[in-house]
Amino acid sequence: MLQECAAGADGPKGYQGPRGNKGDTGPPAIVSTNWKHCSWYHMNNGNDNAQVVTCSFTKEYDDTALFVSWSGNLRVAYTNGACGRWYFTFNGHCDGLSAGSYTIGFHVGNCNGYGNYDLYTGWNSASHIMIEERTPSPY
């Protein structure tokens with residue numbers, strides 16, 4: 001059974017010990033200073049199978065990843081059981097993109113096996129692509 005100790009008076013100050021050994025280098029910090037935000041207002045794009053917009057970006061490091069996101073209005077209209085897809089393309093392979101300039105495309109298209117449907121991007125709203133250069137997760 002543990003017994004509680006009563007607090008006593010502080011003891012005398014100890015002496016400075018010797019300097020310790022240099023520690024290991026930790027994981028790299030997240031690169032969050034390199035980002036770009038592309039915006040469009042009232043895009044009203046009725047393309048059903050095309051590149052909708054592009055956003056250029058300059059990646060600064062070889063060993064980082066790109067995080068790309070979309071915020072905006074997307075619609076598959078006038079039908080039940082339809083399928084539309086919106087996706088990003090890069091003018092380079094996504095895995096291991098080296099430092100350099102890239103064009104990120106945002107595309108719309110029909111899903112394989114579902115036929116052609118009325119797809120619409122950015123109706124009467126603001127649409128955004130956000131691109132961030134990030135250090136890959138160590139996990």
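Between the side chain of Glu133 and the backbone N or O of Glu60, at least one donor-acceptor pair lies under 3.5 Å. Here the side chain of Asn44 pairs a donor or acceptor atom with the backbone of Asn124 at under 3.5 angstrom. Remark: the backbone N or O of Ala126 is not paired with any side-chain donor or acceptor of Asn73 at under 3.5 angstrom. Looking at Lys59, its side chain does come within 3.5 Å of a backbone N or O of Leu97 through a donor-acceptor pair. Judged purely by atom type and a 3.5 angstrom limit, Asn45 has no side-chain atom pairing as donor or acceptor with the backbone of Thr121. Side-chain atoms of Lys36 do not come within 3.5 Å of backbone N or O of Thr58 as any donor-acceptor pair.
Summarising the geometry, atom OH belonging to Tyr102 is positioned 13.5 Å from atom OG belonging to Ser56; distances are rounded to the nearest 0.5 Å. Atom OG in Ser125 sits 12.0 Å away from atom CH2 in Trp40 (nearest 0.5 Å).
Side-chain contact annotation: Ser71 with His128, donor-acceptor N/O pair under 3.5 Å absent.
Looking at every heavy atom in both residues, Ser39 comes nearest to Tyr41 through CB-OH, 4.0 Å. The two residues Tyr117 and Gly81 come nearest to each other via the heavy atoms OH-O, 4.3 Å.
For Trp123, the CH2 atom sits in a loose shell: 12 or fewer heavy atoms of surrounding residues, nucleotides or ligands are nearer than 6.0 Å.
Side chains of Val52 and His107 form no contact here, defined as non-hydrogen atoms less than 4.5 Å apart. Within the 4.5 Å cutoff, no side-chain heavy atoms of Phe67 are placed close to those of Ile131. Leu119 places none of its side-chain heavy atoms less than 4.5 Å from the side chain of Arg75. Inter-residue side-chain proximity for Thr103 and Phe57 is flagged as unmet; no heavy-atom pair is nearer than 4.5 Å. Under the 4.5 Å side-chain criterion, counting only non-hydrogen atoms from C-beta, Asp118 is in contact with Asp48. Residues Val108 and Arg85 are not in side-chain contact: their nearest non-hydrogen atoms beyond the backbone lie 4.5 Å or more apart.
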Pair Val76, Tyr120 - check side chain to side chain contact (heavy atoms under 4.5 Å, CB included), show working.
CA-CA 7 Å; Val76 179; Tyr120 210 83; over 6 Å; no
Given side chain to side chain contact (heavy atoms under 4.5 Å, CB included), test Met43 with Val53 step by step and report yes or no.
CA-CA 9 Å; Met43 182 186 306; Val53 292; 3.8 Å; yes
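Taken together through direct or relayed side-chain contacts under 4.5 Å among Ile, Leu, Val, Met, Phe, Trp and Tyr, Val68 and Trp70 form part of one hydrophobic cluster.
Qualifying ring-ring contact (aromatic ring centres under 6.0 Å, His included) partners for Phe88, counting only residues two or more places apart in sequence or in other chains: Phe106. Among residues two or more places apart in sequence or in another chain, the side chain to side chain contact (heavy atoms under 4.5 Å, CB included) test is passed with Ala99 by Asp62. For Thr54, the side-chain hydrogen bond (donor to acceptor under 3.5 Å, both in side chains) criterion is met by no residue, not counting sequence neighbours.
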